[in-house]
Each structure stands twice: as structure tokens, then as C-alpha cells.
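Worksheet: one structure, shown below.
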Amino acid sequence: TADFLIDNRVIILEDPRIRAPTSANLGLIFSQDYWWPRYVTGNYRPLTTLSYLFNYAVLGNATHPTGYHVVNLVLHWANAVLAYLLALALAGAFWPAFWAGVLFAVHPVATEAVTNVVGRADLMATLAVLGGLLLYATARRVRGPGALPWLAGLAVAALAGVLSKESAVALLGLMVAWDVLVARGEGSRVAGYVAVLPAGLCLWYLRARFAENLGPRMHVFGDNPLFGAEFWAARATAIKVIGQEIWLLLWPRWLSCDYSYDQIPLVGWGAGGWENGKVVLALAAIAALGVLALRALRRRPAISFLVAFFFVTLLPSANLLVLIGSIKAERFLYLPWLGF
């Protein structure tokens, strides 16, 4: 019965596109910003919005939250099964894979992605990324025309992922990591990269035609204070956040749905020694995971792959390459947690 709080009010209760499954509403879903009509953020997630229309109008849930939570739970259960299958492909044994799936399903850090209705974007992106990676791994082992159904499924998963949430671009990085660390010398890899190419081209075309032409984007300093920091201070703070996220995965004692201003002090002369020292600790943790990946490279490549999995899936929301809408959110850890 958890109600429509915070972002849910705008994205679900105030979005007229999801009131009825009409051609006009479908056109608006695929041509407007995720936050339409309130904001322009540059986020383009039509499949996620389409899933809200499915709840609101098709299932008739309207403003009653229970049906939305049921869909989120089903997606989470499906992701747990895929987590088990990926672990099985890496470990080659039932019990390690079983417990990996169980831990993925019950870790408290998943609370925001699953219980917060609009966390569905992360659930759908994860479903696409894990499904796409498993399809790619299978396609690499199948020779000749038999690989075509798996490659077609990969193409669909890649497209569904990027149309659900931008972070699904991590699928391409995971495919590279799989080739380098797990499936060395196993089958052809070119066809797989060709299969995901349409997803990238489609996303580029749609964003260029619609999302990028809706007016100036809104950057909310309150949600991400890094917009107000100089380049290196922002990146150092982002590294500190990665350290906090690693600690949260190890010890999820306190959870929060909001880390906006001023929950995370910016790195700088006025931040204090302890706050700046957290950057050093974060770098040490990142380096330790890197050393673990290098030491395991020959004898236990699966461990090296999982370290790469953690960082590749964390990178789109890490505020290192580009600044995003939030400085930190537990839903960003939903997929990286599997690798961790």
C-alpha cells in the first residue's frame, strides 16, 4: 500500500499520457521527455512510461498503488532468476548460483528500486541488460544460422533496455568484458555487436528528433550539487560517493530515498579533513577491487568479470563521465549489486 510519493506524484499522478491507451497518448509517450509535461530533463524512457499506462489504464489500477507494486515485484523476481542464470553460467554449479540469486533478491539496497514505483526504470533496464548478456553468451557458443534467434533476442533486449533507462547502455560494456574475461577464444563476437547496433542508432535518432529539441534541460542543483562545483571537486566528490555506495552494500544499516542537497558535502577546502579523507578511502577500495580482478584473471576469471560488472554497470550513474540528475541514489546500485 506504499503510496505515490516524491517523484511518483509527477511521473504517474500528473502525467495525462497514461490515462488512456490512445494513439495520441502513445505518440506523446514516444515523442516527449520522461518528465513531461512538468520538466525537460533529457531523459527519454518511453517503455517505462508505457508500463505505467499499462498499470493505470489497461489494468485499471489508476491511482491505487497495489497493482503497480505487483508489477515491480514480478520484474524483481524475474531479475533474480536472471541473476541466478548468470551466476550459473559463471560458476557452473547450482548452489553458488542459487545463493547469488537469493542474495540479489533480498539485499536491502534493492528497496528503493522495487518499492518506489518509479524505480521500475531500473528494474526494466536490469531485465534487459541481464537478459541481453545471457543471450549474447549463448549466441557466442552457437555456430551458423542457429545463432540468429539468440542474436535477434539480443537486439530486442538492447533496444528495450535503452528505451527503459539510459543506464542500459552498460550492456555493451558487459559484452566486451565477457569477451575479454570469460569467453576468450569461444565463437565469433562480431555478430553480437552488430545486433546491438540498431539499439544505439534508434536511441540516437529518437533523442535527436524529439528529446533534444524540447528546449533547455533542467539541471536541479538541489538534486545534484555537483552542478555547482568545479570539475575536479565534482569528480572527487563522485569518487567519495562510490566509496559510500560500496560501504552501503557491505553494511546497509541506514537506507534513504533522498540524498540531495546537502546530504553529501562537496570535496574542497571547506569540507573538513574527514570528508576529504573519504575520497582516499574510496580510492583505496576501488584499487583493492582492481587488484582482486587482476590477481583472479588467470585462475578465476569469473571473479575478474564480476568486478568489471560492478564498475561497468555503476559508471552510467557515477557522475564521472557526465553529471546526471542525482548525486546519489540507492536505485543506482540495483544492477551493480549483482556484480558486487
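In what follows, every heavy atom counts, from backbone to side chain, and hydrogens, waters and symmetry copies are set aside. Numbering of residues begins at 1 and proceeds along the displayed sequence.
One finds the OH atom of Y84 at 15.0 Å from the CG atom of L130 (value rounded to the nearest 0.5 Å). How far OG of S326 is from CG of D258: 8.5 Å, rounded to the nearest 0.5 Å. The distance from the CD1 atom of I286 to the CD1 atom of I246 is 5.5 Å, given to the nearest 0.5 Å. Within the model, atoms CG of L248 and OH of Y259 stand 5.0 Å from one another, a figure rounded to the nearest 0.5 Å. Of the inter-residue distances, the one linking L103 atom CG with L338 atom CG reads 10.5 Å to the nearest 0.5 angstrom. Taking CD1 of I12 as the reference point, atom CG of N55 lies at 7.5 Å (rounded to 0.5 Å).
Side-chain atoms of L13 and N8, non-hydrogen and from C-beta on, never get closer than 4.5 Å to each other. You'll find the side chain of Y52 reaches within 4.5 Å of the side chain of V118, heavy atoms only. By the 4.5 Å heavy-atom criterion applied to side chains, Y44 and L163 are counted as neighbours. The shortest distance between side-chain heavy atoms of V117 and P65 does not fall below 4.5 Å. Here the side chains of F309 and W178 are not in contact, with every heavy-atom distance at 4.5 Å or above. Two residues are said to be in side-chain contact when any heavy atoms from C-beta on lie closer than 4.5 Å; I264 and Q244 meet this criterion.
Nearest heavy-atom pair across A157 and L135 is CB-CD1, 4.5 Å. The minimum heavy-atom distance linking L174 with F305 is given by the pair O-CE1, 3.8 Å. Taking both residues in full, the closest heavy atoms of L283 and I239 are given as CD2-CG2, 3.8 Å, listed atom of the first, atom of the second, then distance.
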The test is ring-ring contact (aromatic ring centres under 6.0 Å, His included); show your working for F104 and Y334 and say whether it passes. CA-CA 9 Å; F104 175 82; Y334 181 73; 5.2 Å; yes
Start with the C-alpha gap between F221 and F227, add the side-chain angles, then the distance that decides, and say whether ring-ring contact (aromatic ring centres under 6.0 Å, His included) holds. CA-CA 6 Å; F221 174 77; F227 283 119; 8.5 Å; no
Checking side-chain contact (heavy atoms from CB on, under 4.5 Å) for the pair L123/N79: CA distance, chi angles, key distance, verdict? CA-CA 8 Å; L123 302 177; N79 286 333; 4.2 Å; yes
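No side-chain donor-acceptor contact under 3.5 Å links R17 and N25. Under the 3.5 Å distance criterion, with hydrogens and angles disregarded, no donor-acceptor pair is assigned to the side chains of N224 and S260.
Remark: R9 fails to qualify as a cation-pi partner of F4 under the 6.0 Å distance and 45° angle criteria applied to the six-membered ring. Cation-pi check for R19 over Y56 is met; the charged atom lies under 6.0 angstrom from the ring centroid and within 45 degrees of its normal.
A salt bridge is defined here as a Lys NZ or Arg NE, NH1 or NH2 lying under 4.0 Å from an Asp or Glu carboxylate O, and R140 with D179 meets this definition.
Ring-plane geometry between F98 and W95 is classed as perpendicular, the angle between the planes exceeding 60 degrees on a 0 to 90 degree scale with a lower cut at 30.
Under the 4.5 Å side-chain contact rule for hydrophobic residues, V129 and V81 share a cluster.
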